Chemist: 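This is the structure I have questions about; it appears just below.
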Amino acid sequence: MKIKRLALAFLLVAAASCAGGPKEQQLSEIQTLKSPDGNLTLSFGLTKDGTPTYSLDFGDKPVVLPSSLGYELRGKRGTRYFSNWEEKDYEGEVDFHSGFSLKSTTTDSKDETWEPVWGEESNIRNHYNELAVKLCKPGAEEDKEYTMVVRFRLYDDGLGFRYEFPEQGQNLTYFVIKEELTQFRVAGDHTACWIPGDYDTQEYSYAVTRLSEIKSSMSQIVDYNASQQVFSPTGVQTALQMKSDDGLYINIHEAAVVDYPAMSLNYEPKTRTFVSWLTPDAEGWKGRMQAPCTSPWRTVMVTDDAREILASRLILNLNEPCAIPDAKEWVHPVKYMGVWWEMITGKSSWSYTDDFSSIQLGKTDYSTAKPHGRHGATTVNVKRYIDFASAHGFDALLVEGWNEGWEDWFGCQKFYVFDFVTPYPDFDLPGLNAYAQSKGIKLVMHHESSSSAINYERHMKAAYELMNKYGYDTVKSGYVGDILPEGEHHYSQFMINHYLYAITEAAKHRIMVNAHEAVRPSGLCRTWPNMIGNESARGTEFRSGILPNHVTILPFTRLQGGPMDYTPGIFEMNMCKLNPSDSSVISSTIGKQLALYVTMYSPLQMAADLPEHYEAHMDAFQFIKDVAVDWQRSEYLLAEPGDYLVIARQAKPGAKCKANLALDGHEWFVGGVTDENARDLSFDLSFLEPGRVYTATIYEDAPDADGIAESPSFNPGYSIRTLQVSSTDRLEMHLARSGGFAISLK
Ligand code: NOJ
Ligand code: CA
C-alpha cells in the first residue's frame with residue numbers, strides 16, 4: 001500500500017549532471033529510512049521537476065504525506081539609485097526548491113548515551129538512523145552547481161531533518177533567504193493545541209480545535225500583548241501538538257535554532273499543509289547565511305501514546321553536546337523566591353519615585369528625589385524576603401526593580417533605558433548581597449532590557465562583571481515591548497543571535513540565564529546548560545488569563561524545547577487581597593499549584609507567592625520546601641494534552657541545590673493536574689523500588705474544592721493525608737475542576 005502511494009507521489013529523476021564522490025552511491029529510486037525499531041519510515045525522492053519531497057509513516061499510518069522541501073533565495077542586488085530604488089533593488093529570486101537532481105546519499109546511525117548537567121533524567125539515549133541526500137542544480141554561473149544536503153535523522157519517536165549548505169566557493173557563499181518552503185502535509189483534520197503565529201510573543205492561551213477551525217478561532221485566541229505581530233489568520237507557532245482521529249499524537253517543532261530566525265507554520269486548509277514561515281528581519285528578509293552553514297532541525301514527533309511525547313528527548317538529542325567544559329562545577333538547579341509577585345499584582349512597584357516624568361540614563365539625579373513609597377526593592381523589604389527564603393531552605397531570591405530607570409522603561413522606545421549597574425538609593429547592593437550570603441541565599445540579578453537589544457549588549461560586560469563582584473550567579477533577563485532597532489522582532493535572526501550572545505557571554509562569567517520574552521527554546525540548553533530557564537509562554541503572571549487546561553498542554557508544546565520559568569506556587573488566588581484594584585482571580589486549586597513543581601519540569605523553580613501567604617498555609621508549603629528540582633528518572637503515568645497529566649519523578653542525589661542535597665535519591669515526587677473538568681485518576685506505583693516501604697504525603701483537593709474562579713463554588717482548598725505504600729499499590733485520586741495533587745514519597 002505504502003510503496004504504491006509513494007511510487008505515485010515521487011517521480012524520481014536520476015542524477016545526470018553530477019559526478020559522485022568515492023563512497024557515494026548513484027541513485028535511481030526512492031530513498032527510505034527506518035527508525036531503529038522499524039516502526040517509522042521516512043521516504044525521500046524528487047518529483048518530475050526536481051522538487052525534493054519527503055513523507056513519514058508510523059507503521060501503516062501516514063503522518064506526513066509527500067511534502068516538498070527547499071527555499072526561495074533573494075536575487076542579485078541591483079543598482080541602488082534613487083529613481084529606481086523599488087524596481088532595481090533586488091533582481092528576481094533564486095529557486096532553491098526545484099530543478100534539483102540527486103547526487104548521492106549517505107547513511108549512518110548512532111546509539112549513545114549522554115549525561116545532561118540537569119534534566120528530567122540522568123542519562124539520555126540518542127539512538128537514530130540517518131540518511132543524508134546531496135542535491136545539486138545548475139548555478140547562476142556556467143559550469144557551476146548549487147549544492148544542498150538534506151539530512152534526516154529518524155528516531156523511534158520521530159524525525160528530525162535539516163538543510164545543509166556546504167562550502168561551494170563564490171557560487172553560493174553569502175545568500176539571503178526570501179522564504180523557507182518546508183511543507184508538512186498532514187493526513188487528516190487533526191485536533192490541535194495551538195497558539196497564534198506571532199513574530200513577537202508566545203504569551204497566549206492555547207486553542208484546542210480541528211485544523212479546519214484555526215481560521216475561525218484565531219480572533220478569539222488573540223489578545224493583547226506589549227509586543228505582538230500576528231502574521232496570518234492561519235498561522236500557528238511550534239511546538240504544535242496534534243492528535244489524529246486514529247489516535248496518533250503528532251508534534252511539529254524545531255531544534256537548535258542558531259543564527260537563523262524562529263519558524264512558525266502557516267496552514268493551508270485546502271491541501272491540509274503546514275508551510276514553514278520564518279520570522280522576517282526589519283527589511284522583510286528571512287535569514288542571512290554564509291556557507292558552510294545549516295538550518296535548524298525541523299522535527300516531527302509521532303507516537304500512539306501521548307506519554308511518549310513527554311518522554312521524548314528528540315529535541316535535546318538534535319542539539320550539539322555541552323559546550324561548557326566545566327559546566328558541572330558551576331551550573332546548578334535553583335529553587336527561589338522573589339520580590340516580584342508584589343510588583344506583578346500592583347501591591348508594590350518597580351519604580352522608586354513619581355518626581356520624574358522622564359529619565360535620562362546617567363544624568364537624572366535620584367539622590368534628591370522623593371520616594372513614592374510603593375517601591376518593592378527596598379533594603380528593608382528585601383531583607384524580609386531573604387530571612388524567609390533562608391529559613392525555609394531556598395537557594396536564591398530574585399529582586400526586580402533594584403536599578404535606576406523604571407520610571408519610564410516601558411513603551412518609550414528608549415535606546416538608553418537601563419545601565420544594569422546603578423541601584424536605586426534605597427537598595428543597598430553590597431550590603432544586601434553580603435546579608436543574603438550570610439544566610440545561605442544568593443540574590444538573583446534582574447536585567448529588563450526593555451527590548452533595547454543593543455543597549456543591553458553594550459552594557460552586558462559591565463553588568464556581568466558587577467554580578468561577579470557581588471556573587472550573583474543567576475540573571476533573569478527580559479524583553480518587554482517592541483524590539484529596538486525597530487522592525488526587528490523577538491524571533492528574527494538578529495534577536496536569536498542576541499539571546500545566544502547573552503548566554504555565551506554569561507558562560508564566560510559563570511552566570512546562569514533565565515530569559516523572559518525571548519524566543520521559545522529549541523533544546524539549546526543541551527549545548528549551553530547555563531540557560532536554566534526561559535519564559536516564552538504564558539506564565540502565572542497572567543493570573544486570571546490562565547485557562548484551566550493551560551498546564552495540561554505546555555509540557556507537550558513549550559516545554560519540548562526546554563524548561564520554563566512558569567512561576568508556580570500561588571496560594572492566594574484572589575488578587576484583590578494584594579491590590580484592591582486587581583479583581584483577577586486565578587482559576588486553580590492549591591493542590592494544582594503544588595503539582596506544577598513536578599509536572600512543569602524546570603531546574604529553576606520559583607515559589608512565586610508572598611511569604612505571608614505561605615505562612616498562612618505552612619502545611620501545604622511543606623511540599624514546596626521538600627520537592628526536588630533535579631531528577632534521575634521521570635515516569636509519565638497518565639497524559640492527554642488539554643485534559644490531564646500525572647508525572648512521577650525520582651530525585652537526583654548530589655544535584656547542587658539545597659532541596660536535592662537534603663535527599664538521598666530514593667525519594668519520588670508525583671504531580672497530577674486536570675483541566676476544567678473534575679476527574680478521578682488512578683495509577684499504580686510500580687515505579688517504586690520493589691520491597692521498599694514509602695511514606696506517602698498526599699496534598700490533594702479538599703472534597704468541596706473547585707478551581708474555577710468564575711464559579712460561585714470556587715474554593716482552592718486542600719487536604720493532606722499520609723499513608724504507607726509500596727510498588728504494588730495503586731492510588732485513586734480525585735481532582736476538582738482545575739485541580740490537582742502532589743505527593744512526596746520518602
Ligand atoms: C515581564 C516578565 O515576564 C516579568 O516576570 C517581569 O517581572 C516583567 N517583565 C518586568 O521585567
Ligand atoms: Ca512575560
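Atoms within each ligand, like the ligands themselves, are counted from 1 in listed order. The shown structure was predicted, so the numbers you read here are calculated from the model rather than taken from an experiment. Positions are given from 1 along the sequence.
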Chemist: If you compare all heavy atoms of Ala742 against all heavy atoms of Ala595, which two are closest, and at what distance to 0.1 Å?
Modeler: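 Closest heavy-atom pair between Ala742 and Ala595: CB-N, 4.0 Å.
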
Chemist: Only heavy atoms of Lys476, strictly under 4.0 Å: list the atoms of ligand 1 that pass.
Modeler: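 Answer, ordered by atom number: 4 (C), 5 (O), 6 (C), 7 (O).
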
Chemist: Could you tell me whether Arg374 and Asp354 make a salt bridge, using a distance below 4.0 angstrom between a side-chain N and a carboxylate O?
Modeler: yes

Chemist: Geometry only, no angles: is Trp406 polar-contacting ligand 1 at N/O separations under 3.5 Å?
Modeler: no

Chemist: Have a look around the Ca ion (ligand 2) and list protein N/O/S atoms under 3.0 Å, or say none.
Modeler: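 Sorted hits: Glu203 OE2, Glu517 OE2, Glu535 OE1, Glu535 OE2, Glu541 OE2.
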
Chemist: Does Phe542 CZ have over 12 foreign heavy atoms under 6.0 Å away?
Modeler: yes

Chemist: May I ask you to list the atoms of ligand 1 that are less than 4.0 angstrom from any heavy atom of His446?
Modeler: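 Counting atoms of ligand 1 from 1, those under 4.0 Å from His446 are 11 (O).
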
Chemist: Could you tell me whether the side chains of Gln360 and Thr364 share a donor-acceptor contact shorter than 3.5 Å?
Modeler: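 On atom types as modelled, these side chains do not qualify, holding no pair under 3.5 Å.
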
Chemist: Give the atoms of ligand 1, by number and element, whose distance to some non-hydrogen atom of Glu448 is under 4.0 Å.
Modeler: 9 (N), 10 (C), 11 (O)

Chemist: For the aromatic rings, using the six-membered ring if either is Trp, is the centroid distance between His447 and Tyr456 under 6.0 Å?
Modeler: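 Yes, the ring centres sit under 6.0 Å apart.
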
Chemist: How far is atom 4 (C) of ligand 1 from the closest protein heavy atom, and which atom is that?
Modeler: Glu541 OE1, 3.2 Å

Chemist: Just by distance, no angles: are the side chains of Tyr601 and Trp118 close enough, under 3.5 Å, to form a donor-acceptor pair?
Modeler: no

Chemist: Provide the closest heavy-atom pair for Arg526 versus Asn319 in the form atom of the first, atom of the second, distance.
Modeler: NH1-O, 3.0 Å

Chemist: Would you mind listing which atoms of ligand 1 come within a distance below 4.0 Å of any non-hydrogen atom of Val480?
Modeler: 1 (C), 9 (N)

Chemist: Quick test of your reading of the model: are Arg543 and Asp582 salt-bridged, counting only N-O distances below 4.0 Å?
Modeler: yes

Chemist: What do you reckon, does Met343 put a non-hydrogen atom under 4.0 Å from ligand 1?
Modeler: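 No heavy atom of Met343 comes that close to ligand 1.
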
Chemist: Once the angle between the rings of Phe427 and Trp402 is folded into 0 to 90°, is it parallel (under 30°), tilted (30 to 60°) or perpendicular (over 60°)?
Modeler: tilted

Chemist: Give the residue and atom name of whichever protein heavy atom lies nearest to atom 1 (C) of ligand 1, and the separation in Å to one decimal.
Modeler: Glu517 OE2, 2.9 Å

Chemist: For Glu517 versus Tyr479, what's the shortest heavy-atom pair and its separation?
Modeler: OE1-N, 2.9 Å

Chemist: Heavy atoms only: which of His447, Glu400, Glu535 is nearest to atom 6 (C) of ligand 1?
Modeler: Glu400

Chemist: With a 4.0 Å cut-off on heavy atoms, is Phe542 in contact with ligand 1?
Modeler: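 Heavy atoms of Phe542 never come under 4.0 Å of ligand 1.
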
Chemist: Decide yes or no for Ile590 and Met573: does some side-chain heavy atom of the first lie under 4.5 Å from some side-chain heavy atom of the second?
Modeler: yes

Chemist: With atoms numbered from 1 as shown, which atoms in ligand 1 lie under 4.0 angstrom from a non-hydrogen atom of Trp350?
Modeler: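 Selected atoms, number and element: 7 (O), 10 (C).
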
Chemist: Taking only heavy atoms of Trp340, which atoms of ligand 1 are found under 4.0 Å from at least one of them?
Modeler: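 Contacts of ligand 1 toward Trp340, numbered from 1: 4 (C), 5 (O), 6 (C), 7 (O).
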
Chemist: Set out, in order, the CA-CA distance, both residues' side-chain angles and the distance that settles ring-ring contact (aromatic ring centres under 6.0 Å, His included) for Tyr424 and His375, then state yes or no.
Modeler: CA-CA 10 Å; Tyr424 277 132; His375 187 215; 4.9 Å; yes

